[in-house]
Amino acid sequence: MLRRVSSRIGRSVLTLPLAAIAALLVFWVTESAHRDSTASLESLGQRATARAHIQTLWRVLVDAETGQRGYLLTGRREYLKPYEDAQGAIAESMAWLRRYYRDDPQAGPMIDEIAVRTRVKQDELAATITDHEQGRIERWVARLETDEGRVQMNALRESSEKLLELESARVVQGREAIFSTLRLSRIGVNTLTALCLLAFLIFVRQISVLDAQQREAARALQAERDLLESQVVNRTAELTELARHLQTAQEQERSHLARELHDELGALLTAAKFDSARLKRSIGSLTPEIAERLKHLDSTINQGIALKRRIIEDLRPSSLGNLGLQAALEILAREFAERSGLSVDVDLNPVELSADGQITVYRLVQEALTNIAKYAGATAVIVSLRTEAERVWASVRDNGKGFDARLVQRSTHGLVGMRYRVEAAGGMLRVESRPGSGTLISAWLPSGGGPQAADLAKPPQAADPVPTRAPAPAASQAPSPVA
Amino acid sequence: MPPLKLFIVEDSALILESLRAALEELAPVVVVGSAADETSAVRWLLEPANAWDLAIVDVFLKSGSGLGVLASSARANVRGKKVVFTNYATRDVRERCQALGADRVFDKSSELDDLIDYCARLADRDAGARSAPPA
């Protein structure tokens, strides 16, 4: 529930103005409370002074009366000191009180009353003293006996006490006011604290919601990325597989064609050649024209055979099948040296490789040499073949101008295809080249998996996985006596 | 004169037939047997009961290789002559064949005449004193 409320509040546009108003409200409450309290305390202070003055008034008058009585009794002038002092004190307090109660509707009349009675009393005291000084003894005694003085004092006391009570009541009121102000202020501050806490909770909640959202978004993004990455991995694997398949399919196709050409076409051409030879021997010398025609026929057949051989050789190097990889590479290197004029050194050792591996290595060297002739501008080439720790290493190094191996150039497309073939055969290809430092193309393939290529006893045929023998001719396994 | 006895090791029926017809027509020879793969060729050639004068061996066979036939024959020290008749007569092949005991190497396409001459000469020589020049 807090979440709903908090989210609603958090999103509302009123939130900020309301919060501002609440803050102002509390601010106003505390300020006015402070103002009221200070005013009350000040007035309380004043009230204490007022009380003091009222009591002073009373005390002074009592002192004056006592002094007067003393003087009347003893006739000594020093008893009049309090009476004389009283005049000034009375006047002072009276003036203060008048000033203090000037605008006070309740206490105003009271202080007036007190003023009057004080005046009366003072007059009475003064008259009695005058009478005594003038020796009019009977007059002041009579005055004393009238009890006038006591009545006056009582009246004065009454008035003073009324005023004092009024003041006390006002003090109580003032204190009450202070307490209620403090109460209000306290409520205000507590409310504000509560609101702040609430706001803070909402804020924290918002933050955590935001946080959760962010984490969720990041998680979703990561999941998306993982999905894409796995898709990329899958696609790459598919494409790699396809590339390898295409490379091997190409080689198999070539092998198949070479086989067909050799078996079928080769046999036909050879048979034609035999017939031509026989014709030449039997009727070749009959007429010059026949001799000429037969010579031309023979020549044509020879050209056909030469073409067939060239095509077969391009499709599937015969030296590989007959003489083995080591010899085939040697022939390849020699022929390349003759064609290109470059100096070609070889370091070839007998190795054990499957037929597939052999043709792969052969094609690799072929491709490397072709590239050297086309691009490298080299003068020397080294071809090497060796076995090392269960791996067959083949490499072609040249001293040409090299290239930046990190850039994929058109000229290296052949090598890209080679990489797939080498990997499909279970090995790895590496190209090292730096501009100006020549190039080294090296690859390794797992050793073994085939008969020794240069085995004298059984040099393998151009072994291909596709059995392409034409419909088996009548040549049976057992020798057939033909005589 | 008794014709030269030939044994042909060749896996293509067409070429075998053409070769047999050509040789028998153009030289005093007779083909006494043929084989299409190394194993049966070796077995026949090494069989003492089989009489033959000249074996014509192709390198490409249905299984095995002509080079193997040569090697086995050489090891067995057979009496007859052995020549290689192949489509793939490069220098290296010639060297290899001769190292394995072949008496001659003929290219199928360009040296057919030479093979015929060789057979004729051999037939003459074998036939003993013969004054007629080879055909």
Side-chain angles (χ1 to χ4, degrees), chain A residues 259 261-264 266-282 298 301-306 308-309 312-313 317-319 321-324 327-328 330-331 334-335 454-462 469-483, chain B residues 3 5-26 30-41 43-45 47 50 59-68 71-72 86-88 90-93 96 99-100 108-110 112-113 115-116 135:
Chain A
R259 199 85 180 163
L261 279 174
H262 180 271
D263 294 348
E264 308 300 315
L268 285 170
L269 287 171
T270 306
K273 194 103 170 80
F274 287 2
D275 286 344
S276 164
R278 287 164 69 186
L279 274 176
K280 196 173 76 174
R281 288 184 184 239
S282 56
D298 195 49
I301 295 175
N302 282 343
Q303 285 174 49
I305 289 176
K308 178 212 77 171
R309 282 189 171 163
I312 288 180
E313 194 63 27
S318 46
S319 58
N322 292 337
L323 306 171
E330 199 172 320
I331 295 170
R334 190 173 59 229
E335 286 174 357
D455 192 328
L456 292 176
K458 276 192 203 305
Q461 303 266 25
R469 278 280 167 199
S476 55
Q477 291 284 42
S480 46
V482 181
Chain B
K5 297 193 192 56
L6 254 48
F7 183 80
I8 304 181
V9 184
E10 167 65 55
D11 64 344
S12 161
L14 178 56
I15 295 181
L16 176 65
E17 196 43 46
S18 308
L19 189 58
R20 187 190 62 73
L23 286 175
E24 286 182 350
E25 176 183 319
L26 301 172
V30 63
V31 175
V32 300
S34 71
D37 64 283
E38 178 183 336
T39 319
S40 31
R43 193 171 38 210
W44 196 93
L45 288 171
E47 173 58 53
N50 295 326
V59 173
F60 282 114
L61 299 176
K62 193 185 275 191
S63 73
S65 152
L67 301 181
S72 303
T86 181
N87 253 324
Y88 188 64
T90 62
R91 190 177 73 204
D92 308 86
V93 168
R96 193 76 67 100
L100 287 170
K108 254 184 210 166
S109 309
S110 53
L112 177 59
D113 287 330
L115 174 63
I116 295 169

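Numbered from 1 within each chain, the chains take letters A, B, ... in sequence-line order.
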Item to check | Residues forming a side chain to side chain donor-acceptor pair (under 3.5 Å) with B:Lys5, sequence neighbours excluded | outcome: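 B:Lys5: no side chain to side chain donor-acceptor pair (under 3.5 Å) contacts found.
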Item to check | Contact class of B:Ala21 relative to chain A, heavy atoms under 4.5 angstrom | outcome: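 It is both, since atoms from each part get that close.
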Checklist entry - Can you say whether B:Leu6 sits under 4.5 Å from chain A via the side chain, the backbone, both, or neither, judging by heavy atoms? => result neither
Straight-line distance of [X] [atom1] to [Y] [atom2], nearest 0.5 Å:
| X | Y | atom1 | atom2 | result |
| --- | --- | --- | --- | --- |
| B:Asn87 | A:Leu269 | CG | CG | 9.0 Å |
| B:Leu23 | A:Arg278 | CG | CZ | 9.5 Å |
| A:Thr270 | B:Leu16 | OG1 | CG | 12.5 Å |

Item to check | A:Glu330 side chain reached by B:Asp92 side chain, heavy atoms, under 4.5 Å | outcome: no
Next on the checklist: For the interface with chain A, which of B:Ile8, B:Asp113, B:Val9 has the highest count of heavy-atom pairs at distances below 4.5 Å?
Outcome noted: B:Asp113
Checklist entry - Which pair of non-hydrogen atoms, one from B:Leu112 and one from A:Phe274, has the smallest distance, and what is that distance? => result CD2-CD1, 2.9 Å
Checklist entry - Is a donor on one side and an acceptor on the other found under 3.5 Å between the side chain of A:Arg281 and the backbone of B:Ala22? => result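 Not confirmed, A:Arg281 side chain does not pair with B:Ala22 backbone.
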Checklist entry - By a 4.5 Å heavy-atom criterion (distance strictly below it), what part of A:Leu268 contacts chain B: side chain, backbone, both, or neither? => result both
